[in-house]
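Notes follow the structure.
Letters go in sequence order (proteins before strands), and every chain restarts at 1. Heavy-atom basis, side chains included; hydrogens, waters and symmetry copies ignored.
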There are 2 protein chains.
Amino acid sequence: MSITIEDVAKAAGVSRQTVSRVINGKPGVKPAVREKIETAIAELGYVPNLAARRMGGARSFLIMAINDRERTIENWAAGHGNDWVDQMLYGGMLACEARGYHMLFELIDTETGKAVEQVRRVLTSLQPDGIILTQPHSENPELAALLRERGRPFARIALPDANSDALCVHFDDAGAARAAVDHLTGLGHRKIAFLAGDRSYEASLVRREGYGDAMKDAGLEPLIAEGGYSFDKAGAIARDWLENGGPTAVIAENDEMAFALLHVASKLGVEVPEQLSLISFEDTPGARFAVPPLTAIRQPTAAMIARACELLMDAAEGQPANGDHCLPFDLIVRETTGPAPR
Amino acid sequence: MSITIEDVAKAAGVSRQTVSRVINGKPGVKPAVREKIETAIAELGYVPNLAARRMGGARSFLIMAINDRERTIENWAAGHGNDWVDQMLYGGMLACEARGYHMLFELIDTETGKAVEQVRRVLTSLQPDGIILTQPHSENPELAALLRERGRPFARIALPDANSDALCVHFDDAGAARAAVDHLTGLGHRKIAFLAGDRSYEASLVRREGYGDAMKDAGLEPLIAEGGYSFDKAGAIARDWLENGGPTAVIAENDEMAFALLHVASKLGVEVPEQLSLISFEDTPGARFAVPPLTAIRQPTAAMIARACELLMDAAEGQPANGDHCLPFDLIVRETTGPAPR
DNA sequence: TTGGCAATTGTGAACGTTCACTATTTATCC
DNA sequence: GGATAAATAGTGAACGTTCACAATTGCCAA
């Protein structure tokens with residue numbers, strides 16, 4: 001029914017295997033023959049069948065990204081969307097398709113027992129050439145063990161793990177926190193608060209540390225509050241601060257909390273940035289449409305996934321990679337930061 | 001190396017084919033035998049290999065969603081993200097995994113010649129069981145012809161096509177526009193404008209029509225402006241309106257334009273909703289965090305994709321579906337609509 | 001020439017399923 | 001109880017690749 005390698009071989013007057021070699025870009029084919037085969041492929045419009053390829057023992061050309069089921073669904077259900085997922089797609093799809101791979105997303109349960117079983121299943125059913133692990137799965141040693149045991153290349157989107165040389169892609173959370181502080185001190189602020197998210201989120205701890213260190217270096221007193229990444233919690237904290245002469249500048253760990261600050265400030269008649277400066281650590285699409293547009297740290301999410309894909313495809317093609325890869329972030333200055341009030 | 005159907009067959013003391021029947025839920029297996037096989041599957045932790053399954057001539061368990069490459073990448077590059085894609089994932093992934101399928105995304109060029117070739121390629125390389133076509137591919141007759149010729153079930157996320165009974169999933173664009181108008185007239189507004197997007201986008205035309213009809217029915221004069229879905233264009237129009245006693249209420253076709261209105265209103269000291277009411281036709285996550293939060297039409301994007309997946313999986317399993325499926329929308333009243341000023 | 005080695009090309013088997021049959025068992029009816 | 005049909009179970013081949021190895025070709029030096 002569909003055109004097979006056999007058809008191409010016949011048309012070019014060679015054997016299957018030679019055609020296969022050409023398709024896979026393997027050496028050991030005379031230029032003249034290669035060209036003849038390429039012509040035949042083009043003329044017949046031959047496209048290899050991935051399932052058969054995989055059956056023959058080759059790659060599946062699938063890169064699988066694994067996300068936390070609970071959190072992802074929760075965000076969707078709450079109508080917050082998952083800009084994170086969208087960014088993953090941005091980086092991952094383009095990187096993959098450039099090399100003929102496809103990107104597949106899977107939602108995996110948080111609970112470790114379930115997670116291991118679910119990953120085992122997708123591993124054997126789909127046989128992806130590489131796996132990308134995001135929070136919190138990237139910090140699950142059982143998952144790493146399973147993947148290592150199966151000999152599947154995987155990349156963790158997470159901070160480097162001291163007792164493992166597994167491939168890991170991340171950005172400088174601490175440096176970004178420091179950059180935010182520096183930007184604000186540069187504007188003359190001295191009461192700078194950090195509106196943090198969740199302690200169970202490892203990157204959050206590192207950001208707190210970066211913030212703390214930067215404040216200490218500037219001779220300032222740190223002030224950390226727990227906002228739980230939530231609009232309401234952050235709003236309550238903001239109200240308390242704004243009504244009682246709190247900080248003149250706030251670094252919020254995500255956009256939702258930043259929006260809450262904006263909201264409360266607007267309600268209380270506090271002008272941004274004249275009376276309050278604000279930096280978000282997330283920069284979702286909404287950030288630039290806020291009133292006023294949010295100054296924000298832009299995490300290189302798409303770039304991290306793209307890099308992870310690259311490394312995994314390299315590994316699938318016999319160039320195993322490991323170690324950690326740190327990507328640069330941006331501090332995008334929009335309109336929520338300004339000189340400290342006097 | 002990995003556990004095969006053969007292993008299960010041996011463990012249960014039956015043949016391959018019987019195990020296969022059980023896996024595929026086919027009839028004609030005695031309950032006792034079925035149970036024995038299921039036990040063996042569970043004990044061995046057997047998981048079928050999808051590539052082999054496909055090779056054997058069965059389904060691929062893949063549903064492929066096709067998006068417009070240019071627009072999608074443009075949105076990503078501009079930092080606007082693609083909430084649309086995120087919503088597709090929401091609906092699609094969950095629907096698929098519930099029945100053991102996987103959802104795959106592909107970016108396909110807008111130009112029709114390229115599109116047909118690219119779709120042909122993914123069709124033969126991945127052999128998906130069903131294809132979801134979104135704008136503008138959903139309106140490309142060549143693509144539809146290709147898919148029909150190949151006998152691949154496909155669903156268009158688009159308005160029904162009069163001269164085709166192809167499967168089609170959509171929502172009531174005209175009705176939503178009317179609902180927006182009705183909400184505003186109910187609040188006493190009489191100068192209601194429609195800030196439209198792109199004429200090349202078929203749904204936009206239908207929305208204009210719905211708006212126009214509703215205005216006529218209310219005995220009001222329609223006022224349509226072309227905002228091209230762009231922040232800047234919409235901002236210019238908004239400035240003109242607000243400075244020259246324009247409409248007291250605006251329906252914007254997407255959030256970005258609505259944000260522009262909010263932005264300009266804030267700049268000009270025009271109070272929302274006291275002096276200007278605003279409804280968006282999109283409702284991305286940013287809408288609820290805007291100041292003030294946007295009243296919006298909520299399109300059932302996730303639900304449409306989920307429905308499309310369901311229908312395609314049914315088709316893959318021998319229950320071909322066609323005709324059009326219209327899903328309900330929501331008008332979510334937040335804080336940008338209020339009584340008309342006097 | 002001719003032998004030998006490297007480069008190139010070809011061959012049969014295998015991958016893990018399902019398909020299209022065939023064979024066997026079980027139930028039904030008179 | 002036997003014949004017949006229906007239900008259940010099993011078998012070899014096929015799907016389209018790649019693998020591992022075997023066969024051929026070409027080239028160079030002796």
Side-chain angles (χ1 to χ4, degrees), chain A residues 1-38 40-41 44-62 100 121 123-127 129 316-318, chain B residues 1-38 40-41 44-62 100 121 123-127 129 316-318:
Chain A
M1 156 104 194
S2 70
I3 296 147
T4 78
I5 227 179
E6 203 74 57
D7 301 322
V8 177
K10 211 171 296 171
V14 298
S15 73
R16 266 171 315 168
Q17 186 57 27
T18 307
V19 176
S20 174
R21 279 191 264 262
V22 170
I23 292 168
N24 291 290
K26 289 196 180 153
V29 179
K30 271 206 269 197
V33 177
R34 165 162 276 137
E35 195 175 335
K36 205 165 47 175
I37 292 172
E38 272 161 358
I41 288 176
L44 293 172
Y46 167 75
V47 178
N49 175 331
L50 285 193
R53 250 174 143 170
R54 173 64 218 157
M55 276 307 291
R59 290 166 278 165
S60 63
F61 291 92
L62 256 29
R121 291 187 72 87
L123 233 45
T124 54
S125 69
L126 292 162
Q127 322 226 136
D129 293 330
E317 286 160 19
Chain B
M1 155 105 194
S2 68
I3 296 147
T4 77
I5 228 179
E6 203 75 57
D7 300 324
V8 177
K10 210 171 297 172
V14 298
S15 73
R16 264 172 316 167
Q17 187 57 28
T18 305
V19 176
S20 174
R21 278 191 264 262
V22 170
I23 292 167
N24 291 289
K26 289 193 181 155
V29 179
K30 267 204 274 196
V33 177
R34 165 161 277 136
E35 195 175 334
K36 204 164 47 175
I37 293 174
E38 271 161 358
I41 288 176
L44 293 172
Y46 167 75
V47 178
N49 175 330
L50 284 193
R53 245 171 148 174
R54 173 65 218 156
M55 277 306 292
R59 289 167 277 166
S60 62
F61 291 92
L62 255 30
R121 292 187 70 87
L123 233 44
T124 55
S125 69
L126 291 162
Q127 323 225 141
D129 293 330
E317 287 161 19

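Across all strands shown, Pro27(B) has no heavy atoms under 4.0 Å from either base or sugar-phosphate atoms.
Heavy-atom distances to DNA chain C give each of Val29(A) and Gly56(B) a nearest nucleotide, and the one nearer the 5′ end belongs to Val29(A). Ranked by how close their nearest DNA chain D nucleotide is to the 5' end, Pro31(B) and Ala51(A) are led by Pro31(B).
Straight-line distance from the CG atom of Leu126(B) to the C1' atom of dT17(D): 15 Å, rounded to whole Å. The CZ atom of Arg53(A) sits 19 Å away from the P atom of dG16(C) (whole-angstrom rounding). As a whole-Å value, the separation of Leu50(A) CG from dC15(D) P is 19 Å. Atom CZ of Arg54(A) and atom C1' of dC15(D) are 16 Å apart (whole Å). Rounded to an integer number of Å, the gap from Lys30(B) NZ to dT25(C) P is 10 Å. Taking atom CG of residue Asn24(A) and atom P of nucleotide dT18(D), one finds them 5 Å apart after rounding to whole Å. The interatomic distance linking Arg34(A) (CZ) with dA7(C) (P) rounds to 15 Å, in whole Å. If you take NZ of Lys26(B) and C1' of dA7(D), they are 16 Å apart, rounded to a whole angstrom.
Here Leu62(A) contributes atom CG and Leu50(B) contributes atom CG; the two are 9.5 Å apart, rounded to the nearest 0.5 Å. Summarising the geometry, atom OG1 belonging to Thr18(A) is positioned 12.0 Å from atom NZ belonging to Lys26(A); distances are rounded to the nearest 0.5 Å. Taking CG of Asn49(A) as the reference point, atom CZ of Arg54(A) lies at 13.5 Å (rounded to 0.5 Å).
Of all heavy-atom pairs between Ala11(A) and Leu44(A), the closest is CB-CD1, 4.0 Å.
With Arg21(A) as reference, Val29(A) is the one residue of Val29(A), Ile37(A), Val33(A) to meet the side chain to side chain contact (heavy atoms under 4.5 Å, CB included) rule.
A donor-acceptor pair is defined here as one N or O able to donate and one able to accept, closer than 3.5 Å; no such pair exists between the side chain of Ser20(A) and the backbone of Arg16(A).
A heavy atom closer than 4.0 Å to some atom of DNA chain C occurs in Arg16(B), Gln17(B), Ser20(B), these being the qualifying members of residues 12-23 of chain B.
An angle of 30°, rounded to 10°, separates the two end axes of the helix from dT1(C)-dA30(D) to dC30(C)-dG1(D), each defined over five pairs.
If you check dG16(D), dT18(D), dT18(C) against the side chain of Met55(B), the one that comes closest is dG16(D).
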Could you go step by step and tell me if Ile23(B) and Arg53(B) meet the side chain to side chain contact (heavy atoms under 4.5 Å, CB included) rule? CA-CA 11 Å; Ile23(B) 292 167; Arg53(B) 245 171 148 174; 3.3 Å; yes
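Taking the side chain as every heavy atom from C-beta outward, Arg59(B) and Asn24(B) approach each other to under 4.5 Å.
Counting heavy-atom neighbours within 6.0 Å of Glu35(A) CD, excluding the residue itself, gives a total of 12 or less.
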